[in-house]
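It should be emphasised that the depicted structure is a prediction, and the values quoted were computed from it without experimental measurement.
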Amino acid sequence: MTKTAEHKIEKLKAEIRKHDYLYYVLNQPEISDSEYDKLIKELESLEKQHPELITPDSPTRRLIGGLSNEFRKMKHPTPMLSLENTYSVEDVTEWYGRIAKLLEERTIEFAAEPKIDGVSCSIVYEKGFLKYAATRGDGETGEDVTFNIKTIKAVPLRLYFAGRIHAPSLFEVRGEIYMDKMEFKNLNDNILAEGKESPFANPRNAASGSLRQKDPSVTAKRPLKFFAHSYGATREIFRTHSDFIKLCREFGIPTVDTEVFRDIDGAMKYALSIQEKRDDYDYEIDGIVIKVNSIAGQKLLGTTMKQPRWAIAYKFPAMQATTKIKDIVFQVGRTGVVTPVAEFEPARVGGVTISRATLHNFDEVERLNVDIGDTVLIERAGDVIPKVVKVSKKISDGFFHPPEKCPVCGSKVIKGKEEVAHRCINPSCSSQIERGIKHFASRSAMNIDGLGEVVIGHLLEKKLVSDFADIYSLKTEHLYKLELFKEKKAKNLLDAIEESKERPLSKLLYALGIRNVGEKTAVILAQRFGKIENIIKASAADLAKIHEIGPVVAESIVNFFGQPSTKNLIEKLKNAGVNTVEPEVGKAKRVLSGKTIVFTGELQRYTRSEAEDVARKLGGNPTSAVSKKTDFLVAGENPGSKYEKAQKLNVKIITEEEFTKMVKR
């Protein structure tokens, strides 16, 4: 059986590597994302059954590093030099004259490629396996980011060398960690929605911040990519730079697009043409790198203390303009974050007319000291997103201040402790209601099956609901006005709405979407206060006395229930028959009293949140991380790293079936 499993595992790994190569190197995927995920899950399942067959190059081993307090220093095998920058055709011509004289050649072949504005990184492979990775640092010494690099799917854990007899004994590739423009925008949108930190200024900063996370699991969630553009220490032999690029691609390493030219004029024409269509690239580029293609020529030219003589970077001009701010308006996002947006006198930047740009948050407004009427310098950050760089001519005496009331619903605007965002916390605010109802109806909250995103959209469009309480006023005739609703579907939804009225107070508290109140905190509040009226009456000081609730959470709760709109909503819910009391659990039934429990893997009987609810009701303390204080781990299918950590710490591991028997005693 082991031999059969070993064969299946190796076959799966080879197939996954092939699809990685097709996707990241050739950009020609043959299977869908879901089919790829099935291959990964099949491999995970086999490796769980045969842990002795797990190898470091397995695609399932990308996320294996724990938390790190610091990044240890690593000396590069050979220095990672910087490039000489130039900003004009004349400078490139002068550089060419210098190297032509040194090489004493009439014709020199050049390789030219886009200069990605990312984070420089060195990745070392030994015998085909990824050994370690380090940032550039000062060129001589960088920081060890091996665990974080391994989370980037574009970076092969094992070189793909189909048709080769031997893997390279040593192969160091150097390149850029970067983030696509669209992925960068999505990341910033999510950060703004959370409102806990400032957004990244550009894709390069986003890539750098993501790569230097002390927790690799955070890096794994960021959409980082990698392109190789040069080499360091290696025992492979190649005649030209373009041959090196070709070899990387054969190994399954994504590379920059490299063009070869017979003279400097061809290379420069290419650089100027890319300058004109730089916006067409999915990622940010800030110039073109021109290199002597011949490796022998590179060695003959050598380097200075800081730079190679055989390469130069032609940098594109900055995309900036000066304009006047006509107005500053507000946008209210789906999470209630109020974002200031500057409206300009239209200005042309890099061939695009810009008339508005987000100012992100009011801390940024104060930092810029910007107000209506000021003249400002703007640029397209990352060559895509309009951004105010600075005030170049001040008209007003100060900066623009945040609103006291929500521009959409008129409720009070709050800035919480440890947040940069100002937000409207009215759960019935029309800018937030769609997202709010979706959360309210979710399985972990009020569990209203059938009230999904499409149905919510139709209800709002027909103006049948304007807050959570309106859900309980829906009748059959209302649902018949919606598309695809017939008798059975309408009855099922109305039955689910009726059943949700009996959910405990803890579920209602979580469903209301109170800032900083998750499922666990909702349970603690419900069990401590019993009735929603008691929570509404509680002061921040009362709440902060609870061990698990700090001042930030206490402030969020008091602010939420202090809103007149919230009090009106609670009354409407109570009048509709929604339960606002937490049932008491008899001490005799608290079989998990004082036990710290962690759930991992895919559970069959419960969702993760349902299993945690069962544990809490019986006195248990479900947590998300395994530690020495964990009493036992409940392991479902494909348990992952928590399972391995529990084994190392000698934490008791039980199956889902054993857990079910335990709670049904």
Side-chain angles (χ1 to χ4, degrees), residues 184-201 325-344 354-374 376 378 381 385-388 391 396 398-440 460 466-468 512-517 540 552-569:
F184 165 68
K185 181 182 181 302
N186 293 339
L187 175 63
N188 262 357
D189 287 346
N190 291 334
I191 290 173
L192 286 168
E194 285 296 317
K196 289 185 177 180
E197 54 185 317
S198 296
F200 290 107
I325 294 183
K326 297 194 300 181
D327 198 4
I328 295 178
V329 298
F330 306 115
Q331 288 181 343
V332 183
R334 293 193 305 160
T335 59
V337 173
V338 180
T339 302
V341 178
E343 294 186 340
F344 312 124
I354 294 177
S355 58
R356 67 198 324 255
T358 177
L359 293 169
H360 299 303
N361 53 62
F362 291 96
D363 283 2
E364 178 70 359
V365 171
E366 184 175 355
R367 185 190 70 80
L368 289 167
N369 192 30
V370 67
D371 204 345
I372 297 169
D374 292 344
V376 293
I378 61 173
I385 303 169
K387 174 187 175 183
V388 175
V391 174
S396 63
F399 58 88
F400 192 80
H401 292 278
E404 294 182 358
K405 293 185 177 181
C406 173
V408 175
C409 70
S411 296
K412 189 177 180 181
V413 169
I414 300 291
K415 182 183 181 184
K417 292 177 181 176
E418 300 180 12
E419 286 197 321
V420 297
H422 289 70
R423 69 176 73 237
C424 168
I425 57 172
N426 173 16
S428 302
C429 180
S430 60
S431 67
Q432 306 170 60
I433 194 64
E434 182 173 358
R435 176 182 179 275
I437 293 176
K438 184 179 177 183
H439 172 73
F440 186 88
L460 292 170
S466 61
D467 60 29
F468 303 152
L512 290 172
I514 306 167
R515 187 72 181 163
N516 299 314
V517 175
V552 173
V553 178
E555 182 193 39
S556 291
I557 296 166
V558 170
N559 284 337
F560 181 82
F561 286 111
Q563 295 272 352
S565 55
T566 301
K567 292 175 181 177
N568 292 336
L569 175 64

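The side-chain hydrogen bond (donor to acceptor under 3.5 Å, both in side chains) test applied to Arg515 returns Glu419, not counting sequence neighbours. For Phe399, the ring pair (Phe, Tyr, Trp, His ring centres under 6.0 Å) partners are His401, not counting sequence neighbours.
Atom CD of residue Glu343 and atom CD1 of residue Ile354 lie 14.0 Å apart, to the nearest 0.5 angstrom. Interatomic distance, Gln563 CD to Leu569 CG, rounded to the nearest 0.5 Å: 11.5 Å. Rounding to the nearest 0.5 Å places CG of Asn516 at 8.5 Å from CD1 of Ile557. Atom CG of Asn369 and atom CZ of Arg367 lie 11.0 Å apart (nearest 0.5 Å). Summarising the geometry, atom CZ belonging to Arg423 is positioned 8.5 Å from atom CD belonging to Gln432; distances are rounded to the nearest 0.5 Å. In this structure, the separation between NZ on Lys405 and CG on Asn426 is 12.5 Å, given to the nearest 0.5 Å.
In this structure, Ser556 and Val517 have side chains that are not in contact, with every pair of non-hydrogen atoms separated by 4.5 Å or more.
Atom NZ of Lys412 is surrounded by 12 or fewer heavy atoms from other residues, nucleotides or ligands within 6.0 Å.
Look at Lys185 and Asp189 and you find a salt bridge, because one of the NZ, NE, NH1 or NH2 atoms lies within 4.0 Å of a carboxylate O, short of that distance.
Here the side chain of Asn361 pairs no donor or acceptor atom with the backbone of Ala421 at under 3.5 angstrom.
Residues Ile325 and Ala342 come closest through the heavy atom pair CD1-CB, 4.2 Å. In terms of heavy-atom proximity, Leu368 sits nearest to Val391 at O-CG2, 3.4 Å. Of all heavy-atom pairs spanning Phe400 and Val365, the tightest one is O-CG1, 3.3 Å.
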query: Which is it for Ile191 and His360 under the side-chain contact (heavy atoms from CB on, under 4.5 Å) test, yes or no, and what are the steps along the way?
result: CA-CA 10 Å; Ile191 290 173; His360 299 303; over 6 Å; no
message: Is there a side-chain contact (heavy atoms from CB on, under 4.5 Å) between Glu555 and Val558? Walk through the geometry before answering.
response: CA-CA 5 Å; Glu555 182 193 39; Val558 170; 6.0 Å; no
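Phe362 and Phe330 have tilted rings, their planes meeting at an angle from 30° to 60° on a 0 to 90° scale.
The only member of Cys429, Pro403, Ser565, Ser431 that meets side-chain contact (heavy atoms from CB on, under 4.5 Å) when paired with Cys424 is Cys429. Applying the side-chain contact (heavy atoms from CB on, under 4.5 Å) test between Pro427 and each of Ile433, Thr566, Ile437, Leu512 identifies Thr566 as the sole match.
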